[in-house]
*Asks:* 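My questions will all concern the structure given below.
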Amino acid sequence: MDRKPERIDEIGMGGYKVVQGDGFSYGVDAVLLAAFASGETGAKPIKSRLKMLVADLGTGNGIIPFILAHKLPLSEVVGFEKNPVSLGRAARGCAMNKLENRISFVLADISELEGYENSFDAVVTNPPYFRRGSGIPNEDASKFIARHETTASIVEFAKCASRILKPGGDLYMIHRPSRLPDISEALRAAALEPKELQLVVPSSAEPANLVLIHAVAGAKPDLRMLPEIAVYNPDGADYTNLIKRIYL
């Protein structure tokens with residue numbers, strides 16, 4: 001049983017809050033992914049004027065659904081999570097934010113997800129970045145599980161997204177640039193065609209450490225590179241104006 005202390009944090013958007021444990025807290029990755037899917041960084045967005053059903057694979061404490069609820073007011077989101085402790089935090093956060101009519105959470109391993117075939121207009125996911133067997137296990141198990149492919153690999157995330165998306169549906173993902181060959185191979189094998197890529201750098205003139213990917217189910221090849229995103233100003237002391245905007 002997870003007996004670690006919890007805290008309730010403001011997310012800075014919509015007045016919403018999130019329940020977090022001391023082991024693993026959300027970062028700028030989640031905010032970037034939600035902004036990318038909402039079209040705020042230049043990608044083709046999830047439609048904001050229609051009632052869209054969105055899945056979040058590996059939702060954790062529900063941070064991405066909460067941000068999407070703010071950025072896409074007509075959307076409904078289902079978050080899938082295999083860790084019951086994380087799912088409990090997500091459900092409590094949802095009730096605290098009074099979003100039960102727009103967000104629901106399901107306890108499920110995405111590698112075993114059934115019954116949702118062709119159900120979703122869009123899928124968002126911030127999957128574990130590191131391959132199975134890579135790195136040294138962190139002393140904090142929640143951090144290790146969140147960052148490493150323990151039960152579901154990038155191939156399984158791609159297969160699940162392809163299965164639950166409607167034809168022509170959109171997948172939005174954030175990952176590490178070093179995994180792009182694996183990601184591209186997995187997406188295409190699952191009939192998800194990469195359509196837009198956007199690199200994220202800590203600050204200008206530094207190498208990219210994150211990549212945002214938009215793929216479309218059953219689309220034809222035609223990849224567009226979007227302008228890179230810098231998280232911090234060159235002095236590293238403050239967020240860039242773009243990052244400040246997407247936190248609104």
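Note: hydrogens, waters and symmetry copies are ignored here, and every other heavy atom, side chains too, is used.
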*Asks:* Which residue pairs pass the side chain to side chain donor-acceptor pair (under 3.5 Å) test with at least one member in residues 91-100, sequence neighbours excluded?
*Replies:* E6-R92
*Asks:* Output all residues satisfying side-chain hydrogen bond (donor to acceptor under 3.5 Å, both in side chains) with D235, sequence neighbours left out; order by chain, then residue number.
*Replies:* none
*Asks:* Do D182 and H175 have side chains that get closer than 4.5 Å, going by heavy atoms?
*Replies:* no
*Asks:* Suppose we screen for side-chain hydrogen bond (donor to acceptor under 3.5 Å, both in side chains). Which residues come up paired with T41, at least two apart in sequence or across chains?
*Replies:* Q198
*Asks:* Among pairs that include at least one residue of residues 82-110, which meet ring pair (Phe, Tyr, Trp, His ring centres under 6.0 Å), considering only residues two or more places apart or in two chains?
*Replies:* none
*Asks:* Hey, any chance M225 and L171 share a hydrophobic cluster, counting ILVMFWY side chains that come within less than 4.5 Å of each other, even indirectly?
*Replies:* yes
*Asks:* Considering residues at least two apart in sequence or located in another chain, which fulfil the side-chain hydrogen bond (donor to acceptor under 3.5 Å, both in side chains) criterion with K220?
*Replies:*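 Applying side-chain hydrogen bond (donor to acceptor under 3.5 Å, both in side chains) to K220 gives none.
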*Asks:* Going by heavy atoms in the side chains, are V231 and P202 under 4.5 Å from each other?
*Replies:*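 Contact flag for V231/P202 side chains = no.
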*Asks:* Any salt bridge linking D170 with K195? Criterion: basic side-chain nitrogen under 4.0 Å from a carboxylate oxygen.
*Replies:*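 Salt bridge between D170 and K195, a charged N being under 4.0 Å from a carboxylate O: no.
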*Asks:* With sequence neighbours left out, write down each residue that passes side-chain contact (heavy atoms from CB on, under 4.5 Å) with S162, or none if nothing qualifies.
*Replies:* A190, L192
*Asks:* In chain order, what residues pass the side-chain hydrogen bond (donor to acceptor under 3.5 Å, both in side chains) check against K17, with sequence neighbours excluded?
*Replies:* none
*Asks:* Does any pair with a residue in residues 228-248 pass ring pair (Phe, Tyr, Trp, His ring centres under 6.0 Å), and if so which ones, sequence neighbours excluded?
*Replies:*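 Ring pair (Phe, Tyr, Trp, His ring centres under 6.0 Å) check on residues 228-248 returns Y232-Y239, Y239-Y247.
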*Asks:* Listing request: all ring pair (Phe, Tyr, Trp, His ring centres under 6.0 Å) pairs with a residue in residues 59-96, at least two apart in sequence or in separate chains.
*Replies:* F80-Y116
*Asks:* Quick test of your reading: applying salt bridge (Lys or Arg N to Asp or Glu O under 4.0 Å), list the pairs with at least one residue in residues 110-127, sequence neighbours left out, ordered by first then second residue.
*Replies:*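 Output for this query lists D121-K166.
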*Asks:* Going by side chain to side chain donor-acceptor pair (under 3.5 Å), name the pairs with one or both residues in residues 43-59, residues two or more places apart or in two chains.
*Replies:* K51-E76, D56-T59
*Asks:* Apply ring-ring contact (aromatic ring centres under 6.0 Å, His included) to Y172 and list each qualifying residue two or more places apart in sequence or on a separate chain.
*Replies:* F36, H214
